[in-house]
Protein chains: 2
Amino acid sequence: MAKITIKDVARHAGVQPSTVSRAINNHPNILPETKARILNTIQELGYVPDRAAKNFRTGKTRSISVILPITGSDFYNRLLNSIDETLEEYEYDAGVYPLLSERRLSRYQDPSALPYHTDGLVFASLNPNHLYENLFSIQGLPAVVLDISTPNFDNVTINNELGGYLAGMHLQERPAETFVINVEELFDTPFTSGVFAQRVKGFQKAQQEAGLRFEEDQLYTSAFTMRSVRETARLLLQERKGKINVFTTCDFFAYGLIEEVRLAGLTLGDDVRIVGFDDEPQAQDLGLTTLHQPVEEMGHTLAQMLMERIENPDLPVRSVQFEPILKVRSTT
Amino acid sequence: MAKITIKDVARHAGVQPSTVSRAINNHPNILPETKARILNTIQELGYVPDRAAKNFRTGKTRSISVILPITGSDFYNRLLNSIDETLEEYEYDAGVYPLLSERRLSRYQDPSALPYHTDGLVFASLNPNHLYENLFSIQGLPAVVLDISTPNFDNVTINNELGGYLAGMHLQERPAETFVINVEELFDTPFTSGVFAQRVKGFQKAQQEAGLRFEEDQLYTSAFTMRSVRETARLLLQERKGKINVFTTCDFFAYGLIEEVRLAGLTLGDDVRIVGFDDEPQAQDLGLTTLHQPVEEMGHTLAQMLMERIENPDLPVRSVQFEPILKVRSTT
DNA sequence: TTGAAAGCGCTAACAT
DNA sequence: ATGTTAGCGCTTTCAA
């Protein structure tokens, strides 16, 4: 059986292809009864518009690509969900492109790669200026960036420095030896968003303002695996002298620390006070004091900005910053 | 500035559009020097082929869609990576479509939804026969299924029952009261792949063959959150009488159990022996005995099958099953 | 309100 | 080996 096209529908409904097109695209100038008849015929024949033809003809795909580091955190799931929600209002769809390997990254240097075959791009925690050997790949494609303040792209960020500052201020309520567990940030990779460094910077600022010291020996680093986190936490707990305060630059690090605190027979919220960052669902389960990010608002704003830029590419570059909120729970 | 098309390149290089097309598509019948000249011109002009036009003209997108439940586990990352690897040989690309919400699922009922605008589909741990109100959405689109043996689609599975059986046999080496922690499987959702039930079934078989009892009171269930896992593990440990054997139907459950074993001051591998399932990186870190899945081979096979079916849609339905391998470590 | 016709950019069959 | 030409399915002017 041959493919059913708009011509077949037209013939069966006794109209011209252009009228069928008007019927399926909610064009105003069409008689309701004509439209109804055509829609009926479409049902009968099981006609499905050829998206490739439509994309080609209109020069629009009504879809965008979300490019992100390896996926799966609660943060990215919520982000994608909220982007989806906003896109739906515009009848747009999103495809997800996790940068899981070097191979993928190098393939995406090619401007005709799949992700760029859409009307716009979201870069989540990724800096397009570092991702590409040159920006030719995404020439003229509307793009918005999450987590990184770029001068040449619309961007949505959270005030990470303020988050670190709030963590610092809060921990100062109970004076004690103070530590930070941060991620081992690799320099000069396309995956360096800089958010963690900003969190530490804000924390440092709070310490300085209070006349408290913050030296290298107070800063521990860990890789992004539970094993590494546990080792780091164990080391930190061994080297402590009395009661301590710890700021972990993400909740994930706090989980490992909490385990080690329990294993060491210490009391959470007293011997060891902890502030995390992200407010993942598990943070609430564990009673972890942490900095909440308004992920949904960020996603909505991001998607909204992209839609606006697709509609009007000449808009000036916009930058929106959200503020984290300290959620005080039982670990402090 | 107007868009640069194949015509512009042709004019600049002093050839016809069809020759340019031959140059960029590695057509055999073209003089190497002509090809070189054209490729030069393309560089100069910064010509990028219009993918929409090409898709339209050829009726192929040279891309596939991977549809999966919420992403992020090590399993899915490795799977996507291995699919990518195989696709590269065919010069195909993959877009990822996580089913993060009910909204997405219902949007994807529409045959003209974004994921179907490709040459083929991979369903990972998802049964297309349950996903769709009717299969019209994916009419005629080549599709392969991971984790579920479907009569109407090519599929790649792992012998989960054998995995459970091996776990059971292995734990029997040290006679003790025996338990299983399984996921609370929700019935009749599109997300029910049935793999967990099969693991339990295989375990049960091992028990029966050895003349050992396996009753309801030995089966614990947990939700897929660390909180729930911990609670379940605590309950199990409280109710035990002496030394015990535990089969957790995924590694994630074993992590929580291991923590609770430590907290309770019990000895792993003696008081409590554990076998997990999946062999995630953390399993190795923790010394967890577990069932290894050959994820990469599965991904390669899946992608290979899909490419073959795209090339030849009339192939009979094929089914490939892999076998899990027991990795014995220190928890048993 | 509907019809007629052109054409988006590319590839492929056929001609040379 | 290259040129010529038709046309993929759709939307969008323009005309009626």
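In what follows, every chain begins at residue 1, and chains take the letters A, B, ... in the order their sequences are listed. Please read these numbers as outputs of a predicted model, since none were measured by experiment.
Checked by atom type, the side-chain pair A:Tyr90/A:Gln304 shows a donor-acceptor distance below 3.5 Å. In the model, B:Asn55 has no side-chain atom that pairs as donor or acceptor with a side-chain atom of A:Arg51 under 3.5 Å. A donor and an acceptor atom, one from each side chain of B:Tyr76 and B:Ser125, are located under 3.5 Å apart. Under the 3.5 Å distance criterion, with hydrogens and angles disregarded, no donor-acceptor pair is assigned to the side chains of A:Tyr116 and A:Gln139. The closest side-chain donor-acceptor pair between B:Ser149 and B:Thr157, if any, does not fall under 3.5 angstrom.
Comparing C:dG9, C:dG3, C:dT11 by their nearest atom to the side chain of B:Lys3 picks out C:dG9. The side chain of A:Ile24 lies closest to D:dT11 when the candidates are C:dG3, D:dG9, D:dT11. Closest to the side chain of B:Thr5, out of D:dG9, D:dA1, C:dG9, is C:dG9. The listed nucleotides are C:dT11, C:dG3, D:dT2; the one nearest the side chain of B:Pro17 is C:dT11. Comparing atom distances between the B:Thr58 side chain and each of D:dT2, C:dT2, C:dT11 picks out C:dT11 as nearest.
OP1 or OP2 of D:dT4 sits under 4.0 Å from a side-chain N or O of B:Gln16. Listed pair A:Ser21 / D:dT12 fails the phosphate criterion, with no side-chain N or O lying under 4.0 Å from OP1 or OP2. One finds a side-chain N or O of A:Thr19 lying less than 4.0 angstrom from the OP1 or OP2 phosphate oxygen of C:dG3. The phosphate of D:dT11 (OP1 or OP2) has a side-chain N or O of A:Asn25 nearer than 4.0 angstrom. For D:dT11, one of the phosphate oxygens OP1 or OP2 lies less than 4.0 angstrom from a side-chain nitrogen or oxygen of A:Lys54. Under 4.0 angstrom from either OP1 or OP2 of D:dC10 there lies no side-chain N or O belonging to A:Ser18.
Screening A:Ile148, A:Leu121, A:Asn129, A:Val144 against A:Phe153 for a side chain to side chain contact (heavy atoms under 4.5 Å, CB included) leaves a single residue, A:Asn129.
Note on A:Asp50: only backbone sugar-phosphate atoms sit closer than 4.0 angstrom, heavy atoms only; bases stay farther off. Looking at heavy-atom distances under 4.0 Å, B:Val20 makes no contact with the nucleic acid at all.
Per the geometry, CD1 belonging to A:Ile6 stands 12 Å off C1' belonging to D:dT12, to the nearest Å. A:Lys7 has its NZ atom 15 Å from the P atom of C:dG3, to the nearest Å. In this structure, the CG atom of B:Asp8 is 13 Å from the C1' atom of C:dC10, given to the nearest Å. Summarising the geometry, the separation between NE2 on B:His27 and P on C:dT11 is reported as 12 Å, rounded to the nearest angstrom. In this structure, the CD1 atom of A:Ile30 is 14 Å from the C1' atom of D:dT12, given to the nearest Å. At whole-Å resolution of the value, CZ in A:Phe56 and P in D:dT11 are 13 Å apart. Taking atom CG of residue B:Asn55 and atom C1' of nucleotide D:dC8, one finds them 12 Å apart after rounding to whole Å. B:Arg37 has its CZ atom 15 Å from the P atom of D:dA1, to the nearest Å.
In terms of position on DNA chain D, the residue among B:Ala53 and B:Lys35 whose nearest nucleotide sits closer to the 5' end is B:Lys35.
For a distance-only test at 3.5 Å, the side chain of B:Arg57 fails to qualify as a donor-acceptor partner of the base of D:dG9. Judged by atom type and distance alone, B:Arg51 does not reach the base of C:dG9 through any side-chain donor-acceptor pair under 3.5 Å.
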